[in-house]
S.K.: 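Got a structure here, written out as structure tokens. Questions coming.
Worth knowing before you read on, the calculation uses all heavy atoms, side chains too, and leaves out hydrogens, waters and symmetry mates.
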Amino acid sequence: MTKTIDKSQRTTAIPSEERLRQLKQLFPECLTEGEVDPEKLNNLLFCESGGGNRDKNINEIDKNESYRFTWAGKRTAIRLLNMPTEATLKPCRDNSLHFDTSQNLFIEGDNLEVLKLLYKPYFGRIKAIYIDPPYNTGGDFVYPDNYAKPLDTYLQLSGQMDAKGNLQTSNPETSGRYHSTWLSMMYPRLFLARQLLTDDGIIFVSIDDREVHNLRLIMNEIFGEENFIGGFVWRKKAGAGADSKLFFRQHEHILMYAQNIGRIEELFQPLTEKQRSAYKNLDNDPRGLWASTDLTRTGDNDPARIYEVVSPTGKKFTHCWTYTKSNFQQLIDNNLIWWGKTGNSKPKRKRFLKDKKGLTPRSWVDIALTSDGGRDLEKLNLSVFDYPKPVKLIKLFLQIATHSNDLVLDFFSGSCTTAQAVMELNQEDGGTRRFLMVQLPEPTPEKSAARAAGFETIAEIGKERTRRVCEKVDTGFRVFKLAKSNYQTESDVQTDDPQTYISQLEQTLEPLREGWRTEDVLYEIALKEGYPLDSIIEKVGGLAANTVFHITAPDGTQTCHVCLDGKLAETDIERLRLSKDSVFICRDVALDDTLAANLALQCHLKTI
Ligand SMILES: C[S@@+](CC[C@H](N)C(=O)[O-])C[C@H]1O[C@@H](n2cnc3c(N)ncnc32)[C@H](O)[C@@H]1O
């Protein structure tokens with residue numbers, strides 16, 4: 001019996017291929033020779049039901065008109081989204097704090113490449129995303145997506161490759177494609193972000209008046225209009241602030257969308273201090289603090305609810321009540337009626353603070369100003385970043401969307417206010433939420449406070465803030481950096497010179513790039529096989545000749561063995577006691593035909 005040997009994944013999953021697979025699975029009848037036939041699909045969706053006929057009629061009437069949102073470059077942005085990345089994430093122990101024990105993550109890199117790498121391991125695993133992207137002010141939009149070689153631009157920017165020309169661009173309002181450029185930047189990132197959310201996950205996106213209309217449209221397209229939960233208006237300035245001659249803008253927007261609104265039953269934001277202070281315990285009730293609410297009913301005069309009640313002091317009250325007489329009596333029996341301090345006031349219903357889950361979120365947010373964001377950094381002795389969001393603001397969104405052990409992502413993380421908000425909220429409510437920050441190593445301006453303080457990039461500021469807060473709350477974070485894959489990639493052998501081509505092709509027989517490091521390769525294998533970055537990688541003990549690692553996903557659902565040695569010793573392999581369910585990954589060169597055949601029968605063998 002022969003068994004096939006799989007190749008270990010070298011690239012990331014491609015979103016369009018994954019969707020096509022899902023479509024084929026859902027509608028097998030719309031396939032022609034194995035491919036989806038758009039006409040069949042259209043007929044299936046719009047012509048086979050009664051409602052479909054109505055749509056068909058509409059289509060016929062307005063054949064050349066349809067409601068559609070597009071911009072110059074949209075197709076290219078979609079193409080870019082579907083290009084697999086040639087990158088990996090390298091662990092950086094030096095930059096991390098408690099690398100081996102921490103589940104918090106900071107990734108330095110361009111977020112599009114990073115999101116592509118996170119697609120497989122974090123698909124459907126993130127409960128809340130908060131992002132504060134560049135608002136397209138004309139000067140804040142610095143990262144040019146390179147459609148031909150996406151990774152190269154990043155490698156040049158981060159100093160990992162020689163820079164050709166000036167990479168700093170901005171998107172001035174005078175540019176003919178001012179909004180289009182911004183939309184093309186946002187589209188693939190938001191698209192990938194949606195794939196990472198859990199079914200009941202929520203995304204919050206900050207924005208101001210410049211692009212809020214476009215953001216609504218692009219979010220409607222990606223998340224579905226029905227998944228728009230609401231838009232917050234955040235009051236960010238106390239005074240006027242001269243940003244316009246004709247109008248003082250004191251607010252910003254935060255749009256909130258669900259991954260699937262049908263999966264969200266309720267949302268709460270915490271009570272304000274003032275609302276909490278209304279809860280007292282005037283009768284020392286062992287059930288704790290309570291507030292009282294009116295019991296009289298207005299609007300109708302249901303005779304069944306009009307009756308007389310008598311207070312403990314004998315005072316009589318006749319009203320139309322919200323409860324029937326028997327239910328009212330039950331409330332009295334359970335000490336849930338408050339008759340006032342003297343016992344002869346109009347009765348009220350006691351409601352306990354411990355039973356109050358919070359308030360349904362309010363659109364108007366007036367809890368902290370931009371200046372408070374600056375103060376948050378000041379308190380950490382780190383006033384090196386302009387206009388960070390206030391910690392309190394992001395904490396509010398986390399209180400609405402997350403619980404205990406949830407994972408929170410911010411892929412435009414700047415100074416890492418979101419990381420601080422996650423850690424502080426955990427301290428307050430005993431949660432164990434984890435964060436995943438992504439930030440470009442965008443150079444800080446030359447004559448800035450940041451540069452004077454030794455911060456060359458915004459990523460350095462983000463890491464330092466995270467480190468300072470981690471130290472306060474006794475936790476840590478793992479740092480990874482976006483870098484070129486450890487595998488030789490196709491583009492490595494692109495040359496016009498036949499001689500160079502042959503010699504480069506020979507080199508690709510060795511799949512790993514020269515100078516590879518074991519830990520880097522282990523993390524690349526883990527990532528591309530779909531293991532989250534906080535997976536546990538341990539060396540297997542008790543082997544004589546080989547070094548074998550065991551990778552376990554944090555939730556224990558996935559495990560595999562990896563050996564990167566040039567030759568495998570059969571005695572060591574036997575000691576691993578591999579079974580049919582075990583996955584064993586090794587280098588192609590380490591196997592001869594007999595060993596490969598034996599191993600493939602014994603376990604799920606993958607080679608690199
Ligand atoms: C408005 S700031 C976020 C500020 C953050 N909310 C805070 O409170 O500190 C946007 C950040 O996104 C970063 N950024 C822009 N393009 C990026 C990209 N392609 N990948 C990763 N980060 C990016 C910028 O460097 C900037 O720091």
Side-chain angles (χ1 to χ4, degrees), residues 8-9 12-13 88-93 95-109 114-129 192-193 195-201 259 398 401-411 413 416 418-419 422-423 425-427 429-438 466 470 473-482 518-541 548-562 581-585 604 606:
S8 169
Q9 291 289 324
T12 44
T88 187
L89 298 175
K90 279 194 182 185
C92 291
R93 286 179 176 269
N95 283 204
S96 308
L97 191 64
H98 310 311
F99 186 96
D100 288 319
T101 50
S102 181
Q103 292 194 289
N104 295 317
L105 301 161
F106 178 99
I107 302 174
E108 182 171 315
V114 173
L115 287 167
K116 286 182 182 181
L117 287 162
L118 300 182
Y119 183 82
K120 195 168 173 189
Y122 287 91
F123 188 93
R125 286 185 193 239
I126 289 170
K127 185 67 191 304
I129 300 178
L192 290 166
Q195 317 298 315
L196 304 186
L197 282 174
T198 55
D199 283 357
D200 58 350
Q259 211 281 351
L398 300 180
T402 67
H403 292 107
S404 51
N405 191 32
D406 289 338
L407 180 58
V408 176
L409 168 68
D410 181 344
F411 55 89
S413 64
C416 287
T418 305
V422 168
M423 290 187 268
L425 189 57
N426 282 345
Q427 280 252 303
D429 68 6
T432 50
R433 296 170 190 82
R434 296 149 298 140
F435 60 77
L436 199 174
M437 301 291 109
V438 185
T466 308
C470 276
V473 300
D474 197 19
T475 184
F477 66 117
R478 295 182 171 196
V479 176
F480 288 83
K481 284 189 187 169
L482 184 73
T518 304
E519 190 171 43
D520 295 348
V521 178
L522 287 173
Y523 272 98
E524 179 156 7
I525 290 175
L527 196 63
K528 292 183 177 170
E529 290 290 321
Y531 288 75
L533 290 164
D534 53 348
S535 293
I536 301 150
I537 303 184
E538 292 161 316
K539 206 187 259 187
V540 178
V548 178
F549 297 89
H550 190 235
I551 307 182
T552 318
D555 60 5
T557 52
Q558 261 176 303
T559 63
C560 67
H561 284 98
V562 182
D581 297 329
S582 317
V583 177
F584 183 76
I585 303 174
H604 187 173
K606 294 186 175 189

S.K.: Kindly indicate, with the supporting measurements, whether the criterion side chain to side chain contact (heavy atoms under 4.5 Å, CB included) is fulfilled by V473 and N426.
M.R.: CA-CA 9 Å; V473 300; N426 282 345; over 6 Å; no

S.K.: Between E529 and S8, does any side-chain donor sit less than 3.5 Å from a side-chain acceptor?
M.R.: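 Distance-only check passes for E529 and S8.
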
S.K.: State whether the side chain of D406 and the backbone N or O of R433 hold a donor-acceptor pair below 3.5 Å, judged by distance alone.
M.R.: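 Looks like no, no N/O pair under 3.5 Å.
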
S.K.: Report the residues that fulfil side chain to side chain donor-acceptor pair (under 3.5 Å) with S535, sequence neighbours left out, ordered by chain and then residue number.
M.R.: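 Once residues adjacent in sequence are excluded, S535 has no partner under the side chain to side chain donor-acceptor pair (under 3.5 Å) criterion.
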
S.K.: Do L192 and Y119 come within less than 4.5 Å of each other through their side chains, counting heavy atoms only?
M.R.: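 They are in side-chain contact.
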
S.K.: Quick one: pull up CZ in F411 and CG in L409 and give me the separation to the nearest 0.5 Å.
M.R.: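 If we round to the nearest 0.5 Å, F411:CZ and L409:CG are 6.0 Å apart.
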
S.K.: Show your reasoning for whether side chain to side chain contact (heavy atoms under 4.5 Å, CB included) applies to L527 and L89.
M.R.: CA-CA 8 Å; L527 196 63; L89 298 175; 3.9 Å; yes

S.K.: Is it the case that atom CG in D474 sees more than 12 heavy atoms from other parts of the structure closer than 6.0 Å?
M.R.: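 Check fails, neighbour count at 12 or below.
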
S.K.: How would you list, by chain and number, every residue that makes a side chain to side chain donor-acceptor pair (under 3.5 Å) with R125, sequence neighbours excluded?
M.R.: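 If we apply the side chain to side chain donor-acceptor pair (under 3.5 Å) test to R125, skipping adjacent residues, there are no hits.
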
S.K.: Rounded to the nearest 0.5 Å, how far apart are OG1 of T88 and CG of L482?
M.R.: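 CG of L482 is found 8.5 Å from OG1 of T88.
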
S.K.: Counting N and O atoms only, with roles assigned by atom type, does the side chain of R478 sit under 3.5 Å from a partner on the main chain of L533, one being a donor and the other an acceptor?
M.R.: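 Side chain of R478 to backbone of L533: a pair is present.
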
S.K.: Going through the checks in order, is the side chain to side chain contact (heavy atoms under 4.5 Å, CB included) test met by T466 and M423?
M.R.: CA-CA 9 Å; T466 308; M423 290 187 268; 4.2 Å; yes

S.K.: Do the side chain of S102 and the main chain of G476 share a donor and acceptor less than 3.5 angstrom apart?
M.R.: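 Present.
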
S.K.: Rounded to the nearest 0.5 Å, how far apart are CG of D410 and CD1 of I129?
M.R.: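 Reported to 0.5 Å precision, the distance equals 9.5 Å.
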
S.K.: To the nearest 0.5 Å, what is the distance between CD1 (I126) and CG (L118)?
M.R.: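 Between I126 CD1 and L118 CG, I get 6.5 Å after rounding to 0.5 Å.
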
S.K.: Sequence neighbours excluded, which residues qualify as ring-ring contact (aromatic ring centres under 6.0 Å, His included) partners of F480?
M.R.: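 Result, ring-ring contact (aromatic ring centres under 6.0 Å, His included) vs F480: F99, Y523.
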
S.K.: So do the side chains of P554 and Q103 get within less than 4.5 Å of each other, counting heavy atoms only?
M.R.: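 Result yes, sub-4.5 Å side-chain heavy-atom pair found.
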
S.K.: Contact between T418 and V408 at the side-chain level, heavy atoms closer than 4.5 Å - yes or no?
M.R.: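 Of all side-chain heavy-atom pairs linking V408 with T418, at least one is under 4.5 Å.
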
S.K.: If you take all heavy atoms of C92 and S96, which pair is closest and at what distance?
M.R.: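 Minimum heavy-atom contact is O-OG, 2.6 Å.
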
S.K.: Given side chains that start at C-beta, do those of T198 and Q259 come closer than 4.5 Å, heavy atoms only?
M.R.: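 Sidechains of Q259 and T198: no contact.
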
S.K.: Roughly how far, to the nearest 0.5 Å, is CZ of F549 from CD1 of I536?
M.R.: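 Between I536 CD1 and F549 CZ, I get 15.0 Å after rounding to 0.5 Å.
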
S.K.: What is the minimum heavy-atom distance between C470 and L97, and which atoms define it?
M.R.: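 Looking at all heavy atoms of both residues, the closest pair is CB-CD2, 3.5 Å.
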
S.K.: Any idea how F106 and F477 line up, ring-wise: parallel (<30°), tilted (30 to 60°), or perpendicular (>60°)?
M.R.: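 Ring orientation of F106 relative to F477: perpendicular.
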
S.K.: Is there a side-chain contact between Q558 and T552 (heavy atoms, below 4.5 Å)?
M.R.: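 No, side chains not in contact.
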
S.K.: If I compare all heavy atoms of V540 with all of H561, which pair ends up nearest, and what's the gap?
M.R.: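 The answer is CG2-CD2, 3.9 Å.
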
S.K.: So, the side chain of S413 versus the backbone of C416: is there a donor-acceptor pair under 3.5 Å, distance only?
M.R.: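 The answer is no, because no donor-acceptor pair under 3.5 Å joins these two groups.
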
S.K.: I'd like to know if the side chain of K127 reaches the main chain of L407, judged simply by a donor and an acceptor atom lying under 3.5 Å from each other, with no hydrogens or angles considered.
M.R.: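 Answer holds: no.
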
S.K.: Can you tell me how far apart NZ (K90) and NZ (K481) are? Round to the nearest 0.5 Å.
M.R.: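 Output value for this atom pair is 10.5 Å.
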
S.K.: To check you understand the geometry: which heavy-atom pair defines the closest contact between I585 and C560, and what is its length?
M.R.: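 Scanning both residues, the minimum pair turns out to be CD1-SG, 4.2 Å.
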
S.K.: Compare all side-chain heavy atoms of T559 with those of H550 and state whether any distance is below 4.5 angstrom.
M.R.: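 The answer is yes, as the side chains (C-beta and beyond) meet within the 4.5 Å cut-off.
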
S.K.: Would you check, one step at a time, whether the test side chain to side chain contact (heavy atoms under 4.5 Å, CB included) holds for I525 with Q9?
M.R.: CA-CA 7 Å; I525 290 175; Q9 291 289 324; over 6 Å; no

